Amino acid sequence: MATTQPLPAAPRRADFPDGFRWGCATSAYQIEGGVDADGRGESIWDRFCLASGRIRDGSSGAIACDHYHRWREDLDLARGLGLNAYRFSIAWPRVFPSGRGPAANAAGLDFYSRLVDGLLERGIEPWPTLYHWDLPQALQDRGGWHSRETVEAFADYAACVGRVLGDRVRNFTTHNEPWCSAFLGHREGSHAPGLQGWQTALQACHHILLSHGRAVEALRAEAGGARAGIALSLHPCRPATDSVADALAVERHDGLRNRWFLDPLFGRGYPADTWQRFGCNVPIVLEGDLATIAASTDFLGINYYFPERIAAAPGEDPLGVKVVEDAAVERTATGWEVEPDGLVELLDRVRRDYAPAEIYLTENGSCYEDTVEPDGSIADGERRRYLQRHLSAVRESIVRGVPLKGYFAWSLLDNFEWAEGYTRRFGLTHVDFATQQRTLKESGHWYREFLRPTTHD
Ligand code: FCB
């Protein structure tokens, strides 16, 4: 298609390249339940949910979508949608209940082996993520991500998964959103393990990035044709006003939100301006660490949800910034700004500044209240429109030359939304958590129609 032609109002699958991966994404703790099944160990999220006041509705992922027992039905749903790829995560505490070997828990590994086979039988490519926030509690008890021992434990775990699944899985993602693991978990304390300190968070962050590099090496050593990448949550950052102070604040905020991850992963080390702001809180970085973090990868995963507006806030924290809200802009039920153009801008920037060989949108989605109609159907027109508008942005980015190779909608199912419990729904499929009944929403029906091959494909 010529780049000068106007884009179609509603995206059509035929406008995307052949071989594009069309998926949905989920994560283990958010959907599996079965927390005591088959020798699974305790994770930091099991422990975090026990403390009162941590989770908005006092719930936990103990049952969640009961996917551990209903996975066949869920894979049928994925096939029914017409997906050709599915991103899920592996629960480390199922594989190593106390974090490390010597022996792996065969029953836990078998679950993922069956899941991978089930996907392949349905013509869906498995895209596992090794870490979507559920660290074995036993490792947390020995220091968690603040300790270097966890880095080596993660490399062993990656090697084990590579050995067992590497004959059937090609694309492995090491970490999901290290910003959240490090800063929500160790600075704000709103996520497990609920710690609050800049040094703790920055050290944990360094070890998470280091463990990514070690895992890439381990996966390649154990699984011949393995391709590896990481999924980052990235945000376009905008100044709250036209002032010079806010423009400078944007730079500082971007230094932690985006560059703190992209720079070292792409071989530039930590951004010097941001490093300086952290003073005595900077992490201990040993010789060779930066080279390990910069391990060459096959793809960059980007999770895109919203842009951020930044104002200068002297003395606020080491960065002297605050995130502000513009009352006039469109938002989802989580308060996140809806801005498909922000995705185009972000992808342009990542391509220009870092030139990854391949990019996958490993998450994108929206939270809205579902309306259950009298006939049982679920009207979620806002989510459908959100999906359409973001797919148009994906299309535009491809036309602009971004090497975008796949899109994973968050999420296949409504699920346990971390500190928000079950109060926030992101699924293309509605889950009635009392009965575990799944019902495809209007957005899911639209995605299915969009993905349906036509004679023009
Ligand atoms: C992302 C997380 C995912 C889910 C969505 C809504 O930050 O990776 O698990 O919570 O947000």
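Owing to the predicted nature of the structure, the values given are computational and were not obtained by experimental measurement. For this chain, numbers begin at 1 and follow the sequence in order. Just so you know, ligand 1 is whichever comes first in the structure, and atom 1 is the first atom listed for that ligand.
Look at R100 and E152 and you find no salt bridge, because none of the NZ, NE, NH1 or NH2 atoms lies under 4.0 Å from a carboxylate O. Taking the charged nitrogens against the carboxylate oxygens, D46 and R40 do have a contact shorter than 4.0 Å, which makes a salt bridge.
The contact shell of ligand 1, taken as protein residues with any non-hydrogen atom closer than 4.0 angstrom, comprises Q30, H132, W133, N176, E177, Y305, E363, W410, E417, W418, F426.
For H235, the ring-ring contact (aromatic ring centres under 6.0 Å, His included) criterion is met by F306, not counting sequence neighbours. Listed by chain and residue number, R349 satisfy the salt bridge (Lys or Arg N to Asp or Glu O under 4.0 Å) test with D353 (two or more places apart in sequence, or in another chain). W45 meets the side chain to side chain donor-acceptor pair (under 3.5 Å) test with no other residue; sequence neighbours excluded.
Y304 and H390 have tilted rings, their planes meeting at an angle from 30° to 60° on a 0 to 90° scale.
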